[in-house]
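Below: one structure, written as structure tokens.
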Amino acid sequence: MDKSETFAYMLHGTAYINLTNRCCNDCNFCIRQNADTLCGNTLWLAREPSADEVIAQLTPLIALSKEAVFCGYGEPTYRLDEILAVSAFIRTHHKKVRLNTNGLGGLINGFDIVPLLQNSVHSVSVSLNASGAESYQQVCRPVFGPNAFAEVLSFIQRCVLAGIETTATVVDVSRAEHDACKALAESLGASFRLRGRITDNESYQ
């Protein structure tokens with residue numbers, strides 16, 4: 001496995017921030033299972049960066065990007081302090097901030113993180129990936145066990161209530177499951193997006 005110090009990178013005109021490789025899920029569709037790189041960027045980290053190190057790599061990308069997204073090869077909310085510090089920097093440049101997350105940051109950190117995100121990010125994209133607890137266990141294989149799915153739903157709803165633009169996403173599901181997930185997301189007040197399964201990281205969209 002190749003490792004790097006790629007803490008910020010560009011993809012399709014957007015700046016992405018790679019804070020950690022840690023994740024509390026082991027999703028059976030995860031693109032990081034396919035390769036070390038994403039569109040030429042090696043995202044397996046040799047170490048986790050400080051906020052200042054992220055900002056140093058992000059600075060030349062900000063002017064080129066309409067948005068900055070916390071999304072690497074791990075779950076960003078393991079690095080909550082760094083999210084808050086880097087978000088403050090991004091917002092001084094009047095750019096949108098998005099957090100891509102599995103929605104389990106409350107269990108990871110031991111408290112409700114939504115009030116902190118409310119003044120730091122403009123939008124969240126939450127990996128829902130199932131319409132029920134049993135299917136979520138099978139697809140996402142969370143270390144938090146049966147409590148995980150309820151936490152994801154609660155996180156989505158709390159973000160919506162906090163006024164954060166919230167989208168729930170699902171990867172490569174049957175039509176019946178797609179419809180059930182879409183109905184569930186909308187019942188929580190969130191938007192919904194279906195994502196294609198990526199088997200070739202170099203073709204990532």
Side-chain angles (χ1 to χ4, degrees), residues 6-21 23 31-32 38-41 43 45 48-106 108-109 112-129 152-171 182 185-186 188-196 198 201 204-205:
T6 300
F7 309 139
Y9 61 101
M10 289 291 290
L11 184 62
H12 306 314
T14 296
Y16 285 82
I17 300 153
N18 185 31
L19 292 177
T20 184
N21 292 154
C23 191
I31 60 173
R32 72 183 195 166
L38 179 64
C39 296
N41 301 291
L43 300 184
L45 293 173
E48 293 185 336
S50 68
D52 286 342
E53 288 174 317
V54 173
I55 289 169
Q57 289 194 14
L58 187 60
T59 296
L61 307 180
I62 283 291
L64 306 175
S65 178
K66 61 183 182 296
E67 182 182 36
V69 183
F70 291 96
C71 180
Y73 261 16
E75 168 51 41
T77 57
Y78 275 100
R79 310 290 314 285
L80 185 58
D81 288 344
E82 287 72 21
I83 288 174
L84 301 178
V86 176
S87 292
F89 164 78
I90 297 166
R91 290 172 73 106
T92 65
H93 286 76
H94 308 290
K95 302 292 184 175
K96 296 290 187 181
V97 182
R98 170 161 49 100
L99 169 65
N100 286 6
T101 177
N102 60 24
L104 297 173
I108 290 168
N109 290 280
D112 180 9
I113 68 172
V114 173
L116 294 177
L117 297 178
Q118 186 175 14
N119 295 316
S120 296
V121 305
H122 297 92
S123 64
V124 295
S125 178
V126 187
S127 298
L128 179 58
N129 294 318
V152 175
L153 300 188
S154 176
F155 178 79
I156 291 171
Q157 189 167 50
R158 283 181 278 123
C159 285
V160 169
L161 293 174
I164 301 171
E165 182 181 333
T166 306
T167 302
T169 67
V170 173
V171 173
K182 184 174 187 290
E186 291 176 349
L188 299 170
S191 301
F192 176 80
R193 184 166 66 91
L194 180 67
R195 298 168 54 204
I198 304 300
N201 282 12
Y204 180 78
Q205 297 294 325

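What you see is a predicted model; the values in this text were computed from it and never measured. We count residues from 1, following the sequence as given. The figures here come from the full heavy-atom set of this structure, side chains too, leaving out hydrogens, waters and symmetry mates.
- By the salt bridge (Lys or Arg N to Asp or Glu O under 4.0 Å) test, R98 is found to be paired with E67, residues two or more places apart in sequence or in another chain being considered.
- Residues T77 and N109 form a side-chain contact, since some pair of their non-hydrogen atoms from C-beta on lies under 4.5 Å apart.
- Going from atom OG of S65 over to atom OH of Y16 covers 8.5 Å, rounded to the nearest 0.5 Å.
- The salt bridge (Lys or Arg N to Asp or Glu O under 4.0 Å) search around K182 returns E186, not counting sequence neighbours.
- Qualifying side-chain contact (heavy atoms from CB on, under 4.5 Å) partners for L116, counting only residues two or more places apart in sequence or in other chains: L80, L84, F111.
- When every heavy atom of I17 is checked against every heavy atom of A68, the shortest pair comes out as CD1-CB, 4.3 Å.
- Considering only heavy atoms from C-beta on, T101 comes within 4.5 Å of F155 through its side chain.
- I108 CD1 to Y78 OH: the interatomic distance, rounded to the nearest 0.5 Å, is 4.5 Å.
- Listed here is the closest heavy atom pair of M10 and L61: CG-CD2, 3.6 Å.
- Between I83 and L99 the shortest heavy-atom distance is CD1-CD1, 4.1 Å.
- Atom-to-atom distance recorded for T6:OG1 and L45:CG is 7.5 Å, nearest 0.5 angstrom.
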Practice problem: Please step through side-chain contact (heavy atoms from CB on, under 4.5 Å) for the pair N100 and F70, ending with a clear verdict. | Solution: CA-CA 6 Å; N100 286 6; F70 291 96; over 6 Å; no
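- Judged by distance alone, with hydrogens and angles left aside, the side-chain atoms of H122 form a donor-acceptor pair with the main-chain N or O of V97 at under 3.5 Å.
- By the salt bridge (Lys or Arg N to Asp or Glu O under 4.0 Å) test, D112 is found to be paired with R158, residues two or more places apart in sequence or in another chain being considered.
- Annotation: side chain of L104 is not in contact with side chain of E75 (no heavy-atom distance under 4.5 Å).
- Checking side-chain atoms of K96 against main-chain N and O of K66 turns up no donor-acceptor pair under 3.5 Å.
- Counting only distance, with no hydrogens or angles, the side chain of E53 and the backbone of S50 share a donor-acceptor pair below 3.5 Å.
- Pairs of residues two or more places apart, or lying in two chains, that qualify as salt bridge (Lys or Arg N to Asp or Glu O under 4.0 Å) and include a residue from residues 76-89 are E48-R79, R79-E82.
- With rounding to the nearest 0.5 angstrom, the CG atom of D52 is 12.5 Å from the CD atom of Q57.
- A heavy-atom distance below 4.5 Å is found between the side chains of L43 and Y9.
- The two atoms that bring S87 and S120 nearest to each other are CB-O, 3.4 Å, heavy atoms only.
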Enumerate donor-acceptor pairs with a distance under 3.5 Å from any side-chain N or O in residues 161-171 to protein atoms, sequence neighbours excluded.
from, atom 1, to, atom 2, distance (Å)
T166, OG1, I164, O, 2.7
T169, OG1, V126, O, 3.4

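- No side-chain heavy atom of F7 sits under 4.5 Å from any side-chain heavy atom of N18.
- For S191 against A185, the heavy-atom pair with the smallest separation is O-CB, 4.0 Å.
- Residues F89 and T59 are in side-chain contact: their nearest non-hydrogen atoms beyond the backbone lie under 4.5 Å apart.
- In this structure, the separation between CD1 on I113 and SG on C159 is 7.5 Å, given to the nearest 0.5 Å.
- Here the CG atom belonging to L128 is positioned 12.5 Å from the CZ atom belonging to R193, to the nearest 0.5 angstrom.
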